[in-house]
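One structure is given here, and the rest of the page talks about it.
By convention in this document, chain letters (A, B, ...) are assigned in the order of the sequence lines, proteins followed by strands, and residues within each chain are numbered from 1.
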Number of protein chains: 2
Amino acid sequence: MRRVTIKDIAKEANVSYATVSRALSGSPEISEKTRAHVLEVSKRMGYTKNYIAHAMVKKRTGLIGLIVASVKNPFMSELAFHIEQHAMLKGYNLMLCNSSHDTERERQVFEVLISRQVDGIIIVPTSAETHRHLAPYLETTPTVFVGENLRDAAVSYVAIDNYRGTRIGMEYLYGLGHRDILYFGRRKGSVTHQLRANGYIDACEEAGIEPMICHSSYTSSSIQNGYQLAKTLLAKPIDYTAVFAATDSMALGFMKATSELKIRIPKDLSLMGFDNIQYAELPRIDLTTIEQPQQAIAATAVDTLLERINNPQAGYAHHVLSPKLIERGTCKQLSDTE
Amino acid sequence: MRRVTIKDIAKEANVSYATVSRALSGSPEISEKTRAHVLEVSKRMGYTKNYIAHAMVKKRTGLIGLIVASVKNPFMSELAFHIEQHAMLKGYNLMLCNSSHDTERERQVFEVLISRQVDGIIIVPTSAETHRHLAPYLETTPTVFVGENLRDAAVSYVAIDNYRGTRIGMEYLYGLGHRDILYFGRRKGSVTHQLRANGYIDACEEAGIEPMICHSSYTSSSIQNGYQLAKTLLAKPIDYTAVFAATDSMALGFMKATSELKIRIPKDLSLMGFDNIQYAELPRIDLTTIEQPQQAIAATAVDTLLERINNPQAGYAHHVLSPKLIERGTCKQLSDTE
DNA sequence: TTGAAAGCGTTACCAC
DNA sequence: GTGGTAACGCTTTCAA
């Protein structure tokens, strides 16, 4: 039951266990002959390196902690996938934790990951305040935030230009002839939401159209919350031709409400999302939206983290990637006779 | 930069470091007075336990390895979420690996996880052969397979009764008046698929109706593959009133094809899925399907694994959970004048 | 080129 | 109750 160690190999191969270590770790200070012999023996005995002991002396585990609100969430799961792939490529493995949108839980798992000696942590923060709660840890643990634009914070982050995202979307809607565009589901407490809303407002201003914002008082942007919000919104008169949802999930909630009310999308109302989660391209959903380039975000996050890990006195970095319009079927050209 | 260790605390508190260890681990053989003192000092110095060193001597890491084909996949991501939650509850953390549907990769990450000394591994196997490739490791590493019914294998697994799943679905379709039901997307090489297909065939036989099976030659059941398969299928005459898809993903692919061909679901054709992935309940999708109880599967998998971990000479266990019909909007009652 | 031994941060055993 | 110390499996000096 006990696993084979280098001592076992040393005994079998008639060398010291220092020599075995050297042979296995590819050290140059060993003769080819003994190396070959040791390698042969260790293979025969089915040796596997004990990374725990390795980490113990090297003081690095080759582990990255990933904290997300919930991997169930399609945005997070995609991100987790790409982060794992990219980390694997660089020789790192992933420890996954869900914070369940709970700031205290976020702090707890952060501490657990530190206890487990991860070399660094990538976190998709639950709120714009997260980095404040984590401040005591951030000095000693290389950390990269993903998703939120923490422009004023002295921490590394990777996010997209959310402001530009809504501007791009507005440009597109405007080009389709829309002049009455409602922004749906703005949430407080998130920089991301604030920036997106600002992009919308500025676009309206420049186009000389009146901004209409439907605020969300929910703490997360789930389909369910979008649905509830849409129901109250749609109970009132509809004096807009297009709806720009703050997130794809909100857009899907909106869509659910319109389905029930027999409002046809895009025939009666155009709908635009934001994020381009996997759901968006499903048949019958076919949501026009603004993409967050997940793979690029993931790769950048991992690279930024590894840089910090390998160069502890390096400062922080802010990476802002470009969003992109994904044209699908939920926005229609407005006829002139509207 | 160096983290505080129990030796630092010992020095500061003027006790031996054995005493510090006792105080921190809640040992009873220590006076309340010194414990309080040590705890105070360690708190003041911001001590966090080093789990690596802990694992080194305890020979257990409190880590569970999770191998899935891809967390991007909605089924896997949901499972990963619940497994993490349940493991966390039991004091375990998760190491996540994606195998990318590649058997060799599966073997590689399995080895990595063993090297990292995880206490046990939960794997959603890529194929029914996976456990054969992993056989050499399975004797020494507690492992639980999830999703595949490996009835004849001496390994622990948790899965649903897939045979019963299609029987339940067929009963429902029959009850709605359907007599011409096509089974869509049967895939070779997966026990799951075989059992589902058998359930379908036996149900047909008992009902005295002719089975029609559309086989899939793809290696995975993605939406894309379902779409391609559906396109060739729908090019031929449609002599059935309902389609039972092997998986929800296949059903969504089918749905995409019907959308393009202006075939209305459920008006022209009823559609039933299998799995109840999150997508299924989205607005406009609203897929009637057979549920795999993910949370129960996750909890059972974790519990089964922990049992094996805590009792190494225990045998293997086969857990077969019950599928359930989820009635939504893609199956319609057939009128008598069909 | 090889071996002996220290050390990584804990726990656990044995004295006192 | 408390302290000293070996041990976990590895890497890395330092000698030989």
Side-chain angles (χ1 to χ4, degrees), chain A residues 1-39 41-42 45-63 91 111-119 140, chain B residues 1-39 41-42 45-63 91 112 114-119 140:
Chain A
M1 209 55 199
R2 209 183 109 272
R3 264 169 205 151
V4 178
T5 72
I6 53 173
K7 288 193 184 175
D8 300 322
I9 298 172
K11 207 176 293 173
E12 181 75 11
N14 264 317
V15 291
S16 75
Y17 62 90
T19 303
V20 177
S21 172
R22 278 191 274 259
L24 292 170
S25 60
S27 157
E29 20 184 54
I30 187 176
S31 75
E32 267 319 309
K33 186 156 158 289
T34 38
R35 153 165 296 135
H37 179 219
V38 169
L39 255 39
V41 172
S42 69
M45 297 181 75
Y47 171 79
T48 48
K49 186 203 216 70
N50 182 330
Y51 269 106
I52 296 293
H54 182 264
M56 189 83 194
V57 19
K58 290 289 231 175
K59 289 175 162 305
R60 47 174 298 284
T61 51
L63 247 31
E111 225 172 57
V112 168
L113 290 174
I114 290 176
S115 273
R116 292 207 175 270
Q117 313 298 117
V118 296
D119 293 339
T140 53
Chain B
M1 207 58 197
R2 210 183 109 270
R3 263 168 206 152
V4 178
T5 72
I6 53 173
K7 287 193 182 174
D8 300 322
I9 298 172
K11 207 176 290 173
E12 180 76 11
N14 265 317
V15 290
S16 74
Y17 63 89
T19 302
V20 177
S21 173
R22 277 192 277 260
L24 291 169
S25 61
S27 156
E29 21 183 51
I30 186 175
S31 76
E32 268 319 309
K33 187 158 157 289
T34 36
R35 153 164 297 136
H37 179 220
V38 169
L39 255 39
V41 172
S42 68
M45 298 181 73
Y47 171 80
T48 48
K49 185 204 216 71
N50 183 330
Y51 269 106
I52 296 292
H54 182 265
M56 188 85 193
V57 19
K58 290 289 231 176
K59 290 177 161 303
R60 47 174 299 283
T61 51
L63 246 32
V112 168
I114 289 176
S115 273
R116 291 208 176 270
Q117 313 298 116
V118 297
D119 293 339
T140 53

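Closest heavy-atom contact between E12(B) and V41(B): CG-CG1, 3.5 Å. In terms of heavy-atom proximity, A10(A) sits nearest to S16(A) at CB-C, 3.8 Å.
Whole-Å rounding puts the E32(A) CD to dT1(C) C1' distance at 12 Å. One can place CZ of R116(A) at 14 Å from P of dT10(C), the figure rounded to the nearest angstrom. Counting to the nearest Å, the P atom of dT10(C) and the CZ atom of R60(B) are 16 Å from each other. The CZ-P distance, from R3(B) to dG9(C), rounds to 11 Å in whole Å. Look at NZ on K33(A): it is 13 Å from P on dT1(C), rounded to the nearest Å.
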- Stepwise side chain to side chain contact (heavy atoms under 4.5 Å, CB included) test for L39(B) and L24(B): CA-CA 7 Å; L39(B) 255 39; L24(B) 291 169; 4.0 Å; yes

- Given the rule in the side chain to side chain contact (heavy atoms under 4.5 Å, CB included) test, do R3(A) and I114(B) qualify, once you have shown the distances and angles that lead to the verdict? CA-CA 10 Å; R3(A) 264 169 205 151; I114(B) 289 176; 3.8 Å; yes

Can you give me the N/O atom pairs linking the protein to nucleotides 10-14 of chain D at distances under 3.5 Å, or say none if there are none?
residue : atom : partner : partner atom : Å
dC10(D) : OP1  : Y47(A)  : OH           : 2.6
dC10(D) : OP1  : N50(A)  : N            : 3.4
dC10(D) : OP2  : I6(A)   : N            : 2.7
dT11(D) : OP1  : K49(A)  : NZ           : 3.4
dT11(D) : OP2  : S21(A)  : OG           : 2.7
dT12(D) : OP1  : K58(A)  : NZ           : 2.9

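Direction of the helix axis in the helix from dT1(C)-dA16(D) to dC16(C)-dG1(D) shifts by 50° between the two five-pair termini, rounded to 10°.
Side chain of T19(A) to backbone of V15(A): no donor-acceptor contact under 3.5 angstrom is found.
Under a 4.0 Å N-O distance rule, the pair D8(A)/R2(A) qualifies as a salt bridge.
Looking only at side-chain heavy atoms (C-beta outward), N50(B) and Q117(A) come within less than 4.5 Å of each other.
Summary of the strand contacts: T34(B) and I52(A) both lie near DNA chain D, and taking for each the nucleotide with the nearest heavy atom, the more 5' one is attributed to T34(B).
Taking 4.0 angstrom as the limit, K59(A) places a side-chain polar atom (N or O) nearer than this to OP1 or OP2 of dG9(C).
Shown here are the ring pair (Phe, Tyr, Trp, His ring centres under 6.0 Å) partners of Y51(B), two or more places apart in sequence or in another chain: H54(B).
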